[in-house]
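Just the heavy atoms: all of them, side chains too, but no hydrogens, waters or symmetry mates, feed the values below. Positions are given from 1 along the sequence. Note that the structure is predicted; figures quoted are calculated from it, not measured.
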Amino acid sequence: MSNRAPNEARVIPLRPAARPGAVPAAPPRRGPTPAEPLWRDLIGDVLRRERLAQERTLKDVAEAARISMPYLSEVERGRKEASSEVLAAAARALGLGLGDLLSLAQGELVRITSRTTGHLGRGTGRTTSSHDGLCLVA
């Protein structure tokens with residue numbers, strides 16, 4: 001029989017205890033990695049750019065898309081992760097298809113990441129497809 005109390009938990013360490021006097025290993029040093037933009041920021045930038053290019057107001061596009069104006073504003077500023085239905089409605093209100101919106105956002109992603117990494121594509125020095133490096137699954 002065990003000499004533990006019946007409701008006492010047994011703790012099993014995940015890694016062995018350090019030896020007394022041992023110096024802990026330093027984590028591997030990595031150089032600064034540029035943060036990749038968030039998808040919601042890219043989508044929002046594209047929506048705002050398209051809306052402004054058409055000289056339309058936020059209210060006009062929100063009404064055409066049947067989205068609340070404050071919500072569309074939040075999407076444009078990258079503060080909300082919009083559903084595919086909301087994105088499709090906003091794209092349609094701007095005369096775009098959902099595929100057009102995603103393609104424009106993907107192009108923006110390639111442009112931004114190629115500027116921060118110094119190359120385009122996957123080590124080839126150039127992109128061979130407008131869809132290189134992006135795969136979306138619904």
Side-chain angles (χ1 to χ4, degrees):
M1 192 123 217
S2 172
N3 55 357
R4 286 193 318 253
N7 291 331
E8 185 179 328
R10 182 173 157 206
V11 177
I12 302 171
L14 295 177
R15 50 178 86 99
R19 295 184 309 258
V23 177
R29 180 144 170 91
R30 296 182 185 159
T33 306
E36 289 193 23
L38 297 176
W39 187 244
R40 67 176 183 242
D41 290 328
L42 295 168
I43 292 289
D45 289 344
V46 169
L47 286 172
R48 176 167 282 170
R49 190 172 50 244
E50 289 296 315
R51 179 177 61 80
L52 294 175
Q54 295 177 20
E55 298 180 352
R56 293 175 66 187
T57 64
L58 193 62
K59 181 180 179 187
D60 174 45
V61 175
E63 286 176 356
R66 302 188 67 182
I67 302 169
S68 78
M69 192 172 69
Y71 188 74
L72 182 57
S73 175
E74 294 280 300
V75 170
E76 281 190 357
R77 289 183 286 147
R79 300 212 175 151
K80 296 288 183 188
E81 291 275 358
S83 69
S84 58
E85 291 88 357
V86 168
L87 294 178
R92 273 193 310 273
L94 293 167
L96 302 170
L98 182 58
D100 299 323
L101 176 64
L102 299 179
S103 179
L104 289 168
Q106 189 264 342
E108 185 70 9
L109 177 62
V110 168
R111 187 183 65 76
I112 290 170
T113 56
S114 67
R115 185 176 56 210
T116 59
T117 60
H119 64 83
L120 296 173
R122 298 177 185 221
T124 62
R126 60 184 177 83
T127 55
T128 57
S129 166
S130 63
H131 303 290
D132 189 30
L134 178 68
C135 177
L136 297 175
V137 178

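Checked against side-chain hydrogen bond (donor to acceptor under 3.5 Å, both in side chains), Glu63 has no partners two or more places apart in sequence or in another chain. Every residue two or more places apart in sequence or in another chain that forms a side chain to side chain contact (heavy atoms under 4.5 Å, CB included) with Pro37 is listed here: Leu42, Leu109, Ile112, Thr113. Residues forming a salt bridge (Lys or Arg N to Asp or Glu O under 4.0 Å) with Arg66 (at least two apart in sequence, or on another chain): none. Residues meeting the side chain to side chain contact (heavy atoms under 4.5 Å, CB included) test with Glu74, sequence neighbours left out: Arg77, Arg79, Lys80. Partners of Thr57 by side chain to side chain contact (heavy atoms under 4.5 Å, CB included), not counting sequence neighbours, listed by chain and number: Lys59, Asp60. By the side chain to side chain contact (heavy atoms under 4.5 Å, CB included) test, Ala82 is found to be paired with Tyr71, Val75, Val86, Leu87, residues two or more places apart in sequence or in another chain being considered. For Arg92, there are no side-chain hydrogen bond (donor to acceptor under 3.5 Å, both in side chains) partners two or more places apart in sequence or in a different chain. The side-chain hydrogen bond (donor to acceptor under 3.5 Å, both in side chains) check on Glu55 picks up nothing, with sequence neighbours excluded.
In the hydrophobic cluster analysis, where Ile, Leu, Val, Met, Phe, Trp and Tyr join through side-chain heavy atoms closer than 4.5 angstrom, Leu102 is grouped apart from Leu38.
Nearest heavy-atom pair across Ala91 and Gly97 is CB-O, 3.8 Å. Summarising the geometry of Ala90 relative to Leu47, their closest heavy-atom pair is CB-CD2, 4.0 Å, with the distance given to 0.1 Å. Smallest separation of non-hydrogen atoms from Leu94 and Arg51: CD2-CA, 3.7 Å.
Screening residues 98-109 for salt bridge (Lys or Arg N to Asp or Glu O under 4.0 Å) gives Arg49-Glu108, Glu108-Arg111 as the qualifying pairs, with residues at least two apart or on separate chains.
The CD1 atom of Ile67 lies 12.0 Å from the OG atom of Ser73; values are rounded to the nearest 0.5 Å. Between the CG atom in Leu104 and the CD1 atom in Ile43 there is a gap of 9.0 Å [rounded to 0.5 Å]. The distance from atom CG of Leu96 to atom OG of Ser103, rounded to the nearest 0.5 Å, is 10.5 Å.
Side-chain atoms of Arg40 come within 3.5 Å of backbone N or O of Gly78 as a donor-acceptor pair.
One finds no salt bridge joining Glu50 and Arg56 here, because no Lys/Arg side-chain nitrogen approaches an Asp/Glu carboxylate oxygen to under 4.0 Å.
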